[in-house]
Amino acid sequence: MTDATVAEAGRDFVRDIIDADRAAGRVGTIVTRFPPEPNGYLHIGHAKSICLNFGVAQEYGGHCALRFDDTNPAKEEQEYIDAIMRDVRWLGYNWGTHLHHASDYFEQLYKWAEHLIERGLAYVDDQTADQIRETRGTLKEAGRDSPFRGRTVDENLDLFKRMRAGEFPNGARTLRAKIDMASGNINLRDPVLYRIIHAEHPRTGKTWSIYPTYDFAHGQSDAIEGVSHSLCTLEFEDHKPLYDWLIEHLPVPSRPRQYEFARLNIGYTVLSKRVLTTLVRDRYVSGWDDPRMPTLAGLRRRGVPPEAIRDFIRRVGVARANSVVDFAMFDFAVREHLNKTAPRRMAVLRPLKVVIENYDGPGEELDAVNHPDDPSQGSRKIPFGREIYIERDDFMEIPPKKFFRLSPGTEVRLRYAYFVTCREVVKDAAGEIVELRCTYDPATRGGNAPDGRKVKATIHWVSATKSLPAEIRLYNQLFTRPDPGAGGDVFADINPNSLEILADARIEPALAQANDEQAIQFERQGYFCRDPDSAPGKPVFNRTVGLRDSYAKA
RNA sequence: UGGGGGAUCGUCUAACGGUAGGACAGCGGACUCUGACUCCGCCAGUCUAGGUUCGAAUCCUAGUCCCCCAGCCA
C-alpha cells in the first residue's frame, strides 16, 4: 500500500473508536481482517469492507488479514478463493503473510466446543431442523427447551466425538450452545454451533464431517489472529451478544471487539450474492466478469480503475445509517480518475460518410495531442483524406436552435484537421441520409483559421480508408428501477437494453495498439477499454462510462 | 412494550453543548480545437412535539418513521 492510499482515508466512527481505544490504552497493534466466504465473486460492496479494513490497519501501522470464512463446504469453491485473492490484489491491497482460513482452526475450534460441553455450556441435540425451528419460538414468543438439553457431559462428549467420526448422516444431530431459550435475542436461543455435513471441503477435503457455524467460527478466529477490531455489517448486530458470550466462556488468546457499519447500497444496482449468482447461473449476463456486473471482476473488465473504486468508497464514507448511494457518485469518481490518465483517441461509433469535394491528393497525416492537459503523453499522427466518417449524431439536416454541429451550410472544425462546410445531403431511395458532401478550407490546416474566424463546434472524425472497423459495446443500468426487487421480483426489473452493441464503428489506426484494461478516452464520447473478446482485426471496446453531456441533457 | 439498530440539503457524509460544513446531483456563468475538463456563483437540510440551557443536530421526555433478527447460510 502506498502513502497515497493512506491519504485517501476519511474520518468516521470506526476511526473514532480506534482513536479512543488507543488513547485509553485498550489496544496495542491494530489488527483487522477481511473475511469473505468463498461462495461467489467480490463486488463493489465488498470493496467498502476491504478499503475500511485494510485502510484502517495501514493508517494505524497495524495489519489486515485476508481470512476465508470457509465453514460451509456445501457452498464454497476453489474458483472463488482464487478470484477473491486476485480481486483484493487488484483493488490495491496486500495481506502479506496474513492469509488465513477458518478451516485452519477446525481442530482448535473442535477442542473449544468440547470445552463448552465439559462446562455444561453446550449439548448435542437430536432434533431435526424442523423441530429446532418449531421449538425456537417466534419473534414475540419464547422458545422451548429441547428434550435433549439435559444430557450429561459424558453423553454429549461421546455423541460429539461420534459426530466428528462421521457416524451420523447429514442433519441427524447438532451441537448447540446452552444459553437461554427465552431470550429476546433469537441468536441466544441455544444457537447451533456445529452441524453434520458430509461434503468435500476445498481445503480440508473429507477430513471433517462436522463443520462449525459462522457464529462459532468467526469470533474465535478473530481471537486466534489477534484481531483488535472486527468490523462487519449491520445485520450482525444481533450476533454480537453471542460473539461476546463465546469469547467470555472460552480460553481464547485475545479479546476482539465487534463493530458494525452500514453495507453499501447503490441505486439501480443489486449487491445481493444470491441475486448475482442467479444472474450468472441463469445467463442473464455472460459471467461474473460481465461488464454490467457490480463485481470487481466486472468493473475491471469494464475499464474501471481500482483507484476510482477506492476514491468512490472514500467519498461514500462509513456510518451506521442505512443508505443508498446515487450511482452518479460512482460515475464521477470514475471520470475524475480517467480524465487525468486516459489518452485521447478518435472513434466514430455510428459512422456517416463525408466526402470532401475540393480535397484532392493522396491524403496526409495530421498531429494530434494524446492528452490536452498532459504534454508528457506526447502526440501522434492521424491520417486524413478526401473521405472520412463523422458521427451521425453530429449532423442534422434541420437543426434545432441550440444545435452547434454540422448542418447544411454550416461550418465546423474537424478536430486536429480543417474547417469544413456542408454543401449537400445525399439520401437513398428510402430517404435515409447516406452521405454528406462538404468542402474544406485548406488554410485552416491544424484547426485554426488565419483570418480569426470561429466555428461553434469541433467534431471528431476518422479517415474512411485508413480507419479500422471495431465493435463497441455500450452498457446501461442492469436494472430499470433504483430499487430493484422492491416490486417483488428482482428479475422482472432487469433492463432488457442493458447492452447495446455497435457492430460497425470505426476507430483511428493508433487504436490498433490498445490493450485490455488500458483506459482510453474516445473524444466527445466517453472512456473505453478493449475487451478480451477482441480478435485480431476485430477489436471490441467496452464503454466504461460516457462523458458528461450538457447538450444531451438540455 | 419480543430483541437490536438508525433518522442532518434530492443523495452520501461532517459536527462530539458554541457560526449546520463538504462532496455528488441540479441550476446559472466564464473558459474551451472535446457541448469534456477547469474555474466562479447559486440552490438546498437537523423526523415531530415538549423540556433543560445564555446557547441544542448534539442532553432529557414522549411520539413518528425506517432497517435487521425466527438457516443445521454468512
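Letters A, B, ... are given to chains in the order of the sequence lines, protein chains preceding strands, and every chain is numbered from 1. Bear in mind the structure is a predicted one, so any value in this text is a computation, not a measurement.
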Pair [X] and [Y], ring centroids less than 6.0 Å apart:
X	Y	value
A:F384	A:Y416	no
A:H100	A:F68	no
A:F332	A:F312	no

_Nearest-nucleotide 5' precedence on RNA chain B, A:V324 against A:D373_ =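 In this pair, the answer is A:V324.
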*Nearest nucleotide by nearest heavy atom, which residue falls closer to the 5' end of RNA chain B, A:A262 or A:K140?*
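By nearest-heavy-atom nucleotide position, the 5'-most residue is A:K140.
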Using the [atom1] atom in both, what is the distance from [N] to [M], to the nearest Å?
N	M	atom1	value
B:rG21	B:rU1	C1'	40 Å
B:rC60	B:rA7	P	14 Å
B:rC67	B:rC12	P	14 Å
B:rG45	B:rC24	C1'	15 Å
B:rA15	B:rU58	C1'	8 Å
B:rG28	B:rC66	P	36 Å
B:rG35	B:rC16	P	45 Å
B:rC54	B:rG3	C1'	42 Å

*asked:* As a test of understanding, state which of A:S467, A:P351, A:P383 forms a side-chain contact (heavy atoms from CB on, under 4.5 Å) with A:V462.
replied: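 Going through the options one by one, the only one that passes is A:S467.
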*asked:* Can you build the contact string for nucleotides 63-74 of chain B? Use B for base contact, S for sugar-phosphate-only contact, and - for no protein heavy atom under 4.0 Å.
replied: ----SBBBSBSB
Remember a base hit wins even if backbone is also touched, and classify [X] as base, sugar-phosphate or nothing at under 4.0 Å, heavy atoms.
X	result
A:Y211	nothing
A:R344	base
A:K240	nothing
A:R315	sugar-phosphate
A:F404	base
A:R320	sugar-phosphate
A:V455	nothing

*Ring-face cation contact, A:Y80 with A:K75, 6.0 Å cut, 45° max*: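 No cation-pi geometry.
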*Flag the pair A:E167 and A:R162 as a salt bridge only when some basic side-chain nitrogen lies within less than 4.0 angstrom of an acidic carboxylate oxygen.*
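Looking at A:R162 together with A:E167, the answer is yes, because their closest N to O distance falls below 4.0 Å.
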Between [X] ([atom1]) and [N] ([atom2]), how many Å, whole number?
X	N	atom1	atom2	value
A:H371	B:rA36	NE2	P	16 Å
A:Q525	B:rG35	CD	P	10 Å
A:N448	B:rU32	CG	P	12 Å
A:D374	B:rU38	CG	C1'	15 Å
A:Y259	B:rG4	OH	C1'	17 Å
A:N339	B:rU38	CG	C1'	9 Å
A:K340	B:rU34	NZ	C1'	19 Å
A:F327	B:rA23	CZ	P	21 Å

Can you confirm whether the side chains of [X] and [Y] place a donor and an acceptor under 3.5 Å from each other?
X	Y	answer
A:Q521	A:Y527	yes
A:R344	A:N370	no
A:S376	A:D374	yes
A:Y214	A:N72	no

[N] phosphate, OP1 or OP2: any side-chain N/O from [X] under 4.0 angstrom?
X	N	value
A:R548	B:rU38	no
A:S183	B:rG2	no
A:S550	B:rA36	yes

*May I ask you to verify whether the side chain of A:R405 and the base of B:rG35 hold a donor-acceptor pair under 3.5 Å?*
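Present.
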*Measure from the side chain of A:A321, starting at C-beta and using heavy atoms only, and say which of B:rC24, B:rA14, B:rA7 lies closest.*
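Of B:rC24, B:rA14, B:rA7, B:rA7 is nearest to the side chain of A:A321.
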*asked:* Please classify B:rG71 as syn or anti, treating any glycosidic angle within 90° of 0 as syn.
replied: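 Classified syn.
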*What is the distance from atom OG1 of A:T204 to atom CG of A:D70, rounded to the nearest 0.5 Å?*
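One gets 7.5 Å once the value is rounded to the nearest 0.5 Å.
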_Pair pattern of RNA chain B in dot-bracket, where unpaired bases get dots and | marks partners in another strand, Watson-Crick or G-U under 3.5 angstrom_ = .((((((..((((....[..)))).(((((.......)))))....(((((..]....))))))))))).....
*Looking only at heavy atoms, which two atoms of A:A83 and A:Y41 are closest? And how far apart?*
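For A:A83 and A:Y41, the tightest heavy-atom pair comes out as CB-CE2, 3.5 Å.
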